[in-house]
Amino acid sequence: MSVELDVFVGNTTIMDEEVYQLWLDGYTVNDAVKVRMEGGVMDECEASKDVLLSDTMDQYRTFQMCERLLHSPAKLANQLLFQIPPHRQIMLIERYYAFDDTFVREVLGKKLSKGTKKDLDDISAKTSVTLKSCRRQFDNFKRVFKVVEELKGPLVENIRQHFLLSDKLARDYAAIVFFANNRFETGKRKLQYLSFQDFAFCAGQLISNWTVGAVDNMVEDMDVDLDKEFLQELKELKILITDKDLLDQHKSLVCTALRGKTKVFIEMEGSFKNLSRGLINIAAKLTNTKDVRDFFIDLVEKFIEPCRSDRWSAADMKLYLTHYTNSAHILDTFKHQVVWDRYMGVVKSCIFKMYHD
Amino acid sequence: MPGKLKAKIVAGRHLPVMDRASDLTDAFVEVKFGNTTFKTDVCPKSLNPQWNSEWFKFEVDDEDLQDEPLQITVLDHDTYSANDAIGKVYIDIDPLLYSEAASVISGWFPIYDTIHGIRGEINVIVKVELFNDLNRFRQSSCGVKFFCTTCIPQCYRATLVHGFVEELVVNEDPEYQWIDRIRTPRASNEARQRLISLMSGELQRKIGLKVLEMGGNAVVGYLQCFDLEGESGLVVRAIGTACTLDKLSSGSAPNTNTHMHPNTAPASNACNSPSKDGKEPVFVEDLPSSSGPPTPFRALPTSSSPPPFSPSKPCSRQSSSSDTDLSLTPKTEEPHSVRCRPGIFLCPSSPILSTDTLSLPGSGSVGCGRGSNPRATTSAPLSSIQSDSALLRKSVSFTEDLLLAASGMGSGGSAGKEAGPLRTLLRQQTQTALEQRGASSSGLLLNAREFPFFTLTSFPPGFLLHVGGVVSARSVKLLDRIHNPDEPETRDAWWEEIRQEIKSHARALGCHAVVGYSESTSICEEVCILSASGTAAILNPRYMREGCLDIGCTDHRFEEPSPPNCGFCHIPYDELNMPFPAQLTYCYHCRRQKVPDVLFTTIDLPSEAAVAGKGCLIQARLCRLKKKAQGEANATAISNLLPFMEYELHTQLMNKLKLRSMNALFGLHIQISVGENMLLGLASATGVYLTALPAPGGIQIAGKTPGDLSSEHISSIQKRINDTIAVNKELYQINPPELAEEGVGSPIPEPRHRSRLFRSHSESSDELSELDLSHGKKDAFVLEIDDTDAVEDIHSLLIDAPPPTGFYSCNTENMPGISNWTSGVQMFTSVRVLRLSNANLTNQGLNKIFTDLCENLLKSFYFKLRSMIPCCLCHLNFTVAVPEEELIQVTVTAVAMTYDKEQTQEKTAEKPVNKGSLEAEEQLQFPLELCADSSSSNIQTASKISGVGESTNMSPRAASVDYGSFADRCSTWLELLRLKAHTIRRGSVKTSRRTQSLAHSVSSLERCSPLQEGRSRSLRSSRSFGGSSVTVVKMTPLSFLPGTRIIKYLGIINMFFIRETTSLREEGGVSGFLHSFIAEVFAMVRAHVAALGGNAVVSYSMKECVFMENPNKNQAQCLINVSGDAVICISETDQESSASTANTGQTGGSETDGAT
């Protein structure tokens, strides 16, 4: 005696958020039943294991049928097959496109290619996110990437409109797309301490300040590519370290401003030239795609690590960078104020974000 | 050329990729009606094509309009090879054919393919221009409205109920034609879908013709079924109740106020008793003053003019319609003449009719048709039918109470013996009845008279006088090929027999009508079980045509109307000459009339009935193995088993009823399904405690042979049973009002009664365990344990788990004891198929499996719907089938509705509003010849009544006027107009009611506000969804949606789909396949309703769900038939938005209504 067929279909599609999450997390039906049993849902309605199994199967089937629609969320609103209340639709989409920070951290900056997809089982083992869930998340990244790649206009807005995501999630996806497109290196050991949210913040800064869209919004299409002209102009900043006078002048201005305001003044004064060289060199090299990829590792190696070894506090760091940026304006012979601001604005906020343990 | 059909193809979306190379599709559309086909241009390389075609015009007969669906085929253009079909849309244009329904069909329809399912959507606009047809010999019946709803639809009023209509058409099943061997599965499925669509169109048209002949304009309780007889053909049959309905519209007519019924906001007080109040008003007419032989013109509704065709329609039918009764009618005796009887009633169409009929010779006077009843001779007594039946036919038919009487007997053989005397009795009664009829009845309304059946299940107050009990009949037939589709006489004769039998059963119960009537079949190979059941009843003669001299005036009891809240329980049959042994007591309400100890019915609980506590779903389940056999041997085996099954089902029902401490069943539906090696029986009903009936006795366990089982064991079982009863009493809040002087209140002649009363006393004091056996086995409902089987049976009795806290369940329209619904509604369909792997199962084992299957399904529902608590599963409709040898299939459709727990208590005390029956009486008229055979006998009982305490009579009934709901009602925009009428009515009611109302009104006022908030909140959310491109369409198997008012019926939805797959595994196995198919069916129903401009389907039902699989071949096929009424409903609390809905709502559908 066995149940050959068992279905339950509601006019309004019934979906349990808990089961949905289990499905998204890649649990098998049996595992999901176990989790639910442990969660105590059985006591709620005097249910038995069979009931739970039948319910879980039904829901899994529903989700599988919905998955096709979730791939282009706009369809969900005007499809006729499932009658789903709007707030439910939003929940479905938002959760479907949600991702694990640990997982995304692993693929951030990698090419969203078949090759990477093959490595997903390793990532799954490492992050203890189920392979099924990894695949869904990876496919989501890829799908979003593919769609926005060819679209005009601001990246975040495009993602939000095409995938009906919340602002926060759309920004995260923008970051993922941006990283994948520019192939920023994030996997090195030295960068391991950085979370996805750190990178997402940086990506946001870069997108809104360094891309083509930043200066010329809506006209040019690519929000994902860095502004080539700007990168070229960055070379001009080299004068700050090549011109000895300018360097000394800059240093003295900064030191005057900092004196007495921090405990690590001596260290600051001592490492000024090194740090300044580090930052300016990063800027000057950004025309090379290879160096763009190493942008974050360079920031860590050339700036964050030296400061950290000198035991600067985050406040010290803020103070130093603020004065470092502002003092350049006072330099008479330094003509590249606009580029300087555009560069330092982003670098400053990135370092602020990245300067933690 | 009485009609021009116009269709425009606007656009498509989400089309599938048909060209792999480009990942795109070159789509075009073929629009076909009848034999005419139009094509759109090809829209190249698009998955979202915009055709924006011209208007395709079809000039067609209205007959075709009724029969044919509009067929839209979407194809992919291919230059080199044949064009590939993407899918099809069938649009039933019937809703466009009557003026009051939809005016245009416009919207997105899923493109459906029988192999691939839904593949994208297409936007279509369809219109019909209908020309008036003055041809008297036409075959069409455009304008007749159809309703699946088994009560008078909400925004209508019944001016006349004409009675039973039935029709049946047969054809060859395309699946079994020779050509099927060479065509593709897709072509075969499409041929079948199309044929069934055609056949149901034809069926509807023919029924419509009958209705027109009877003078009606609508069919209510329309029930259409398919019999897939396999090789022998395809039968589509339908039954319904013909009515003349008036729309209670808010027309712009100047006399709106006088015309409008004060209570026209049917559901406006639905928070109190949604369905009841929702239905009542439609039966009631103007102001109480408009009774008597009145001014016909006043009643003439201005806005809802009589349907265009009905009045001028003569009755000449040339169709090959199968039934014999109407066509036998002599032409001179036009049915019309009946309609023009000197109107004691205001029939809106009668003025027109009378002018019409005046021209007909001999139709002027009412009595003219009398004395000649050509059909009288054919309605032979039951016994002769049984002996005469030519085919192999062992009729099994029991009246409910007969079975009860037989419950003490162990074997079916004795049941047969029992039937002997009954049969003679039946014969006597029927014969006298026939004599009476022959003498006095008119030969005009043959159909109605022939079968005074009503498919309705709920009635206006005062209409239903007495209920006798369930009558049912089954017969086993051997199918043979239908040789000539144009002459479906065999099938007709079969049903005719069954109906005759039902009628004579009703007679035996002293009843002249059968209400809540339904028919069904179960087919396995070439054996077919035909079943019919209903509830024998006596209807109020006041509602009947004047001149029915054989009723009413001789009956004293009718002079003095019995109290509405218990009257229907009073026995209709002659106490001294009972058709079967039954235990009678005086009614616990009025103490004047006799009532039975239990009452089984197929109808809904009458709104005015007094109940204690809540109702609950009661099911009896049974499996019986049978040997595999062929042909006649098989049929014999089945018909031999049937009586045993019926008997056991009834015993189970009775035991479970007692176990729940209840005394009446409503909505009883017994299904017996036949398979190759077993029979399945499933009886579902809603149990209630009627306070008019005596308290049920407990269940006493007795060991027949004490040696076999230890007395310890017996007492432990006894204890469990007693505990269960106590728990159930608590659970369903059954605290019947204590009757003060039980023993002295009324004269109780027989000692039997005294003992019964005593017993119920002892129960109310919770001394169940001390129930004395000496009260006699008959009384205390003894279960004898004589073998292990019996022990099993008792165990299985106790298996039924009560629903978890917060849940109630019923299979009727209204849940007894709950009426304060909130807006949460979730309709669902669930299918479960069990494979029995064990080849040598016993009956007991099978029973257990089957019972568990049903119980587990219920448990699943409770679990899934737990977020809706407190909630009630209403209209739980179980259907069982044995699709293959080792498979059991159970299909359930039901609706879960949330209610307000806080108010339940008050509400149970506060009985549904009683629209004084007086008022209702004057409104309704049934041109029926209902013979109250028992009427003379009632004189005696009536005369027995002496001054019985009036106070006990009234006390359990609480206030009937609800001012809270009144205030609520006032707020709705439509109601403001009727305020005046209201006030008048209120005044009149107030004087007739007693106290108590005030207290209730206060509480109900308090309740009002939070509820309203809740509703408007939900409304807002639905609005915001409405903002998106898809309209929310609610579906419910009930006739109402809580918290809303139906403002317009848009037409019947009757759809048939086939889905087939040859890649079962890839589609997720059988479950995945069926899951998506059911979801697709829902989607298509919703799309059609939305295209009609509607936002809900009421009285939805899944008539058929036939599933076949062949996992080895990776194939499966499923057929689904669904039906319902498409409606526009508005939230009753939200006035502005309702107006705005009407304006902004889809398709100008609602404008006519919103005109005020």
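Note that the structure is predicted; figures quoted are calculated from it, not measured. Lettering follows sequence order; numbering is per chain, from 1.
If you measure heavy-atom distances from D50(A) to chain B, you find no contacts under 4.5 Å at all. Residue E1109(B) touches chain A through its side chain alone, counting heavy-atom pairs closer than 4.5 Å. Only the side chain of D16(A) comes within less than 4.5 Å of a heavy atom of chain B; its backbone N, CA, C and O stay farther away. Heavy-atom distances place the side chain of L865(B), and not its backbone, under 4.5 Å from chain A. Neither the backbone nor the side chain of S48(A) comes within less than 4.5 Å of any heavy atom in chain B.
Using cut-offs of 30° and 60° for the angle between ring planes, the F109(B) and H1088(B) rings count as perpendicular.
Taking the centre of each ring, F163(A) and Y97(A) come in below the 6.0 Å mark.
Although no hydrogens or angles enter the test, the distance criterion places no donor-acceptor pair under 3.5 Å between the side chain of R832(B) and the main chain of V3(A).
Atom CZ of R135(A) has 12 or fewer heavy atoms from other residues, nucleotides or ligands within 6.0 Å.
Most heavy-atom pairs under 4.5 Å with chain A, from the set K1034(B), M1035(B), M827(B), Q826(B): that is Q826(B). Most heavy-atom pairs under 4.5 Å with chain A, from the set F828(B), Y1100(B), F1107(B): that is F828(B). The most heavy-atom pairs under 4.5 Å with chain A, out of V895(B), V892(B), V831(B), come from V831(B).
In this structure, K848(B) pairs ionically with D852(B), as a charged nitrogen and a carboxylate oxygen lie closer than 4.0 Å.
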Donor-acceptor contacts under 3.5 Å from residues 1071-1086 of chain B side chains, at least two apart:
unit_1   : atom_1 : unit_2   : atom_2 : d
S1071(B) : OG     : D6(A)    : N      : 3.2
H1075(B) : ND1    : R61(A)   : NE     : 3.0
S1076(B) : OG     : G1072(B) : O      : 3.0
S1076(B) : OG     : F1073(B) : O      : 3.1
E1080(B) : OE1    : R1059(B) : NE     : 3.2
E1080(B) : OE2    : I118(B)  : N      : 3.1
R1086(B) : NE     : Q83(A)   : OE1    : 3.3
R1086(B) : NH1    : N11(A)   : O      : 3.1
R1086(B) : NH1    : N11(A)   : OD1    : 2.8
R1086(B) : NH2    : L80(A)   : O      : 2.9
R1086(B) : NH2    : L81(A)   : O      : 3.1

